[in-house]
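Some notes on the structure that comes next.
Every number for a ligand or one of its atoms is a count from 1 in the order of the listing.
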Amino acid sequence: CIQSELTVLPYGRQSISAADIAAVTEAMESGWLTTGPKVAEFEQACAEQVGAKHAVAVCNATAALHLAMLVAKIGPGDRVVTSPNTFLASANCAAYVGAIPDFSDIDPISYNLCPQSLSANWKPDVKAVVAVDYAGQTADMPAIAEVARSRGAVVIEDACHAVGGSFEHDGELWKVGGHPWADMTTFSFHPVKTMTTGEGGMLVTDNGEYANKARMLRTHGMIRGDGELQGLGDAAFEERGPWYYEMQDLGYNYRITDFQCALGLSQLRQLELFIARRREIVAAYNEAFSDVAILRTPQLRNEKDRDLTSWHLYTLQIDFESLGITRTQFMKSLAETGVGSQVLYIPVYLQPWYRRTYGYGTGKCPMAEHFYLRSLSLPLYPEMNDQDVSTVIDAIKRLVA
Ligand SMILES: *Cc1c(COP(=O)(O)O)cnc(C)c1O
């Protein structure tokens, strides 16, 4: 693999091989730059990989989430509930369409949306639930779908952390993106995620109408001769030809390039290897940290998911108060020994814009706040070698001693 010198191990990082570079070069030499054959090929490969009927590739996962809102017809007057323990985009997508983003608390094991809280705090205007697979561990999708669907809401799984993951339910194995408890699933291919296209995202669904609509909105809501043309509404302007195009919905430019999809196809072939290495590192961290009283290692909601989860993050819970050191000091000391770290996540509703716009504040989701105050994500990416892993373990052990 091709890796430049790093002075501090980051919390996440891409792996780019010579095969990836060759794939991108070949795509660029093909004459296609934007939407070309590699886009359809990558969509097909992703749909097959997860076992979904349709996949729509877009320029990033934020766009995929926005499209999910649009095709589910979420808009003003609607409320969308997501996890507070997520990246901003899981909630922002609701605000983009004029709906109210709202938050329901997480459970203390998986740090994902708690189905019981979701049910207990349900409001009649909730029209969609965006369930996030924090760190790669899946949310309890069957339970969340039961709560949401029985009340008429659609279920979107923000699986940006769970690319290539699967989970067990009732003795059966289900792939993220290919199970019946999400109406749409979104993946991110940002470089810190499990595989990359530079920037990039994917919307997968079994619903053909959703997929067609998303594909149309990805490129300005524009259709050509093969779509359902309605006409411009004036006989004098009804000339038709192969050149003719029509816009029936307000769309966006959310396209991804052909060479990014060539990279995606090449990365997809390495995905199992990436995930296997991530699992090894997680196992090494767990073994090193599980007997340290002041640390809490990531726990599984379902023990059977241990080798099914595609870990994106390794987040410790650290009792900084008992240590008598602030998290920022802790992170600074770590960085001095070459270990980067990150805080993931600040509960989204505590962000100034959310406070100002919706009147949210501290106390809304106590478990998410508790989690945030103790959270520290350590370096986790396939190109870490055993020496890097030891460096992280030694640095943490030294600091908590
Ligand atoms: C990264 C991420 C996103 C946004 O993905 P982009 O591809 O960067 O737009 C959305 N949700 C979660 C949970 C993420 O981690």
With the threshold set at 4.0 Å, does a side-chain nitrogen-carboxylate oxygen contact exist between Asp183 and Lys127?
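A salt bridge is absent here (no side-chain N lies under 4.0 Å from a carboxylate O).
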
Ionic contact status for Arg269 with Asp20, cut-off 4.0 Å:
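So Asp20 does not pair with Arg269 through a salt bridge.
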
What are the atom names and distances for all N or O pairs under 3.5 Å between ligand 1 and the protein?
| unit_1 | atom_1 | unit_2 | atom_2 | d |
| --- | --- | --- | --- | --- |
| ligand 1 | 5 (O) | Ser188 | OG | 3.4 |
| ligand 1 | 7 (O) | Ala61 | N | 2.8 |
| ligand 1 | 7 (O) | Ser188 | OG | 2.8 |
| ligand 1 | 9 (O) | Ala61 | N | 3.3 |
| ligand 1 | 9 (O) | Thr62 | N | 2.9 |
| ligand 1 | 9 (O) | Thr62 | OG1 | 2.5 |
| ligand 1 | 11 (N) | Asp158 | OD1 | 3.4 |
| ligand 1 | 11 (N) | Asp158 | OD2 | 2.8 |
| ligand 1 | 15 (O) | His161 | NE2 | 2.8 |
| ligand 1 | 15 (O) | Lys193 | NZ | 3.0 |

Selection [range] - residue pairs positive for ring pair (Phe, Tyr, Trp, His ring centres under 6.0 Å), sequence neighbours left out:
range            : value
residues 57-92   : His66-Tyr96, His66-Tyr252, His66-Tyr254
residues 105-129 : Tyr111-Phe371
residues 278-299 : Tyr285-Phe289, Tyr285-Tyr314

Heavy-atom count around Glu209 CD within 6.0 Å, excluding the residue itself: above 12?
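Counting other residues, nucleotides and ligands, CD of Glu209 stays at 12 neighbours or fewer.
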
